[in-house]
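So the structure is just underneath, and the comments pick up after that.
Order of listing sets the numbers, starting from 1, for every ligand and every atom in it. Note that these values count all heavy atoms, side chains included, but never hydrogens, waters or copies made by symmetry. Small disclaimer: the values here were computed from a predicted structure and weren't measured.
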Amino acid sequence: MEYVIEMQDVVRNFDRKEVLKGVNLKVSPGEIFGLLGPSGAGKTTIIKILTGQLRCTKGASMILGQDTGALEPFVYRKMGMMMDNLGLYERLSCYDNLKLFAKIYQVPRGRISEVLRQVDLADAAREPVSKLSKGMRGRLALARAVMNEPEILFLDEPSSGLDPQAVSMIHQLIKKEQERGAAIFLTTHNMEEASKLCDHIALLNEGKIVEYGSPKEICLRYNHQNKLQIRLLDGRNVALPNGSMAADEVKDYLEKEMVETIHSTEPSLETVFMELTGRRFE
Ligand SMILES: Nc1ncnc2c1ncn2[C@@H]1O[C@H](COP(=O)(O)OP(=O)(O)OP(=O)(O)O)[C@@H](O)[C@H]1O
Ligand SMILES: [Mg+2]
C-alpha cells in the first residue's frame with residue numbers, strides 16, 4: 001500500500017460553519033507526520049474523521065485503504081489513538097484502564113505490565129487515575145494507544161502541558177514506535193517538537209492545508225533573505241549573500257580568526273508559521 005492515510009478534498013461542516021474546506025493529505029507507512037495549526041484550525045476534527053469518530057461532509061477519507069466512514073473492526077485493531085481529552089476512566093486504576101482495553105482489542109494480558117513499564121508507570125499500576133498527575137495521565141493514555149502495536153498511531157497533542165522530562169520520554173516512545181514500523185499522525189503546538197520528530201508536516205490554517213514538506217524543506221522555502229550572518233570578535237555584524245561570491249570574504253575572516261559565530265538566516269518553523277497564519281502558536 002502506498003499510503004496508510006489519504007484525504008481528498010475533505011470538507012466538514014458543523015451546522016452551517018465549514019470547518020474543513022477541502023483538505024488533501026497523504027501519510028506513508030512508517031512515517032511521522034505532524035499536523036500543525038492554530039487553535040480551532042480543525043486538527044482534532046481531522047483526527048476524528050480519520051479514526052471514524054466523525055464523518056466528512058464531502059470528499060474521501062481513507063485509512064489502510066478503507067473508507068473511514070465505514071471502518072471494519074480489523075482496521076480498529078491496527079489503530080492506536082490518544083485524543084486530547086485522553087478518555088481515561090477516573091475511578092479505575094492504571095492497570096484496570098488498560099485491562100478493559102486489552103479485552104476489547106484482544107491484546108494478551110501480559111502486554112499490560114509491559115507497556116506500563118515502558119511509560120514508567122509500573123509503580124502506579126494500582127493507583128486510580130483520579131490520583132494521577134497530568135504527566136502520568138498522558139503517559140497512561142499513550143501506553144493504551146500503543147498496547148495493540150498499531151500500524152497507525154494517532155496522537156492529538158501528546159506533549160501538551162508536560163514537563164521536559166515527560167516530553168522527552170514521550171518522544172523516545174514515539175521514535176520506538178516508528179522503529180517498530182508504525183506510522184504516526186500527531187498534532188502539536190510545539191514547533192521544536194515538530195522539527196525534531198516529524199518526517200513531514202502539514203500546516204492547517206482555517207480549514208485548509210497551506211504548507212507541506214519536511215521541516216527543513218519548509219524552512220528553506222521561506223528563507224527569503226538567504227544570507228550568512230557573521231558576528232565578529234570585535235563586535236561587528238556582517239551579513240553576506242549565501243553563495244560562492246561570499247567565499248573569499250568568509251575565508252578571510254576565518255583565516256584572521258576574527259569569527260565569533262556564523263549563522264544562516266533560514267527562519268525557524270515558528271517564524272514561517274507566524275508568517276503564514278499571522279498568529280502565534282501558544
Ligand atoms: N462537535 C462540534 N460541534 C460544533 N463545532 C465544532 C465541533 N467540533 C469542533 N468544532 C469547531 O470546529 C473548529 C475546529 O475545531 P478543532 O477541535 O478541530 O480544532 P483544533 O485545530 O484541534 O484546535 P486546538 O488546537 O485548540 O485543539 C472550531 O471552530 C470548533 O469550534
Ligand atoms: Mg485539537
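The single protein non-hydrogen atom nearest to atom 25 (O) of ligand 1 is Lys43 NZ, 2.7 Å, given as residue, atom name and distance. In terms of protein heavy-atom proximity, atom 30 (C) of ligand 1 is nearest to Lys17 NZ, 4.8 Å. Closest protein heavy atom to atom 26 (O) of ligand 1: Ser39 OG, 2.5 Å. The shortest contact between atom 18 (O) of ligand 1 and any protein heavy atom is with Thr45 OG1, 2.6 Å. The nearest protein atom to atom 19 (O) of ligand 1, hydrogens excluded, is given as Gly42 N, 3.3 Å; this is a heavy-atom distance. Val19 CG2, 3.3 Å is the protein heavy atom nearest to atom 12 (O) of ligand 1.
At least one heavy atom of Gly40 lies less than 4.0 angstrom from ligand 1. Ligand 1 lies out of reach of Lys48, whose nearest heavy atom is not under 4.0 Å from it.
Distances from atom 15 (O) of ligand 1 to the protein include at least one heavy-atom value under 4.0 Å.
At least one cation-pi condition fails for Arg91 and Tyr89: the charged atom is not both under 6.0 angstrom from the six-membered ring centre and inside a 45 degree cone around its axis.
Every atom of ligand 1 is numbered from 1 in the order shown, and the set under 4.0 Å from a heavy atom of His189 is 25 (O). Within ligand 1, the atoms closer than 4.0 Å to a non-hydrogen atom of Glu157 are 24 (P), 25 (O), 27 (O), numbered from 1 in the order shown. If you number the atoms of ligand 1 from 1 as listed, the ones under 4.0 Å from a heavy atom of Thr44 come out as 17 (O), 18 (O), 20 (P), 22 (O), 27 (O).
With Asp156 as reference, Thr187 is the one residue of Thr187, Thr188, Thr51 to meet the side chain to side chain donor-acceptor pair (under 3.5 Å) rule.
For the pair Lys175 and Glu179, the salt-bridge criterion is not met [side-chain N within less than 4.0 Å of a carboxylate O]. Salt bridge status for Lys21 with Glu18: absent, with no side-chain N to carboxylate O gap under 4.0 Å.
A donor-acceptor pair under 3.5 Å is absent between the side-chain atoms of Lys58 and the main chain of Asp9, judged by distance alone.
Side-chain contact check for Glu211 and Tyr222: at least one donor-acceptor pair (N or O, by modelled atom type) lies under 3.5 Å. Side-chain contact annotation: Asp199 with Gln178, donor-acceptor N/O pair under 3.5 Å present.
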Assess the residue pair Glu177 and Arg180 against the criterion (salt bridge (charged side-chain N to carboxylate O under 4.0 Å, His left out)); give the C-alpha distance rounded to whole Å, side-chain angles, the decisive distance to 0.1 Å, and a yes or no. CA-CA 5 Å; Glu177 285 298 298; Arg180 186 177 59 71; 2.5 Å; yes

For salt bridge (charged side-chain N to carboxylate O under 4.0 Å, His left out), just list the numbers for Asp15 and Lys17, CA-CA rounded to whole Å, side-chain angles, deciding distance to a tenth of an Å, and then say yes or no. CA-CA 6 Å; Asp15 307 317; Lys17 192 175 161 208; over 6 Å; no

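For ligand 1, the polar-atom distance check against Phe14 finds no nitrogen or oxygen pair separated by under 3.5 Å.
Look at Ser39 and the Mg ion (ligand 2): no N/O/S atom of the residue is under 2.8 Å from the metal.
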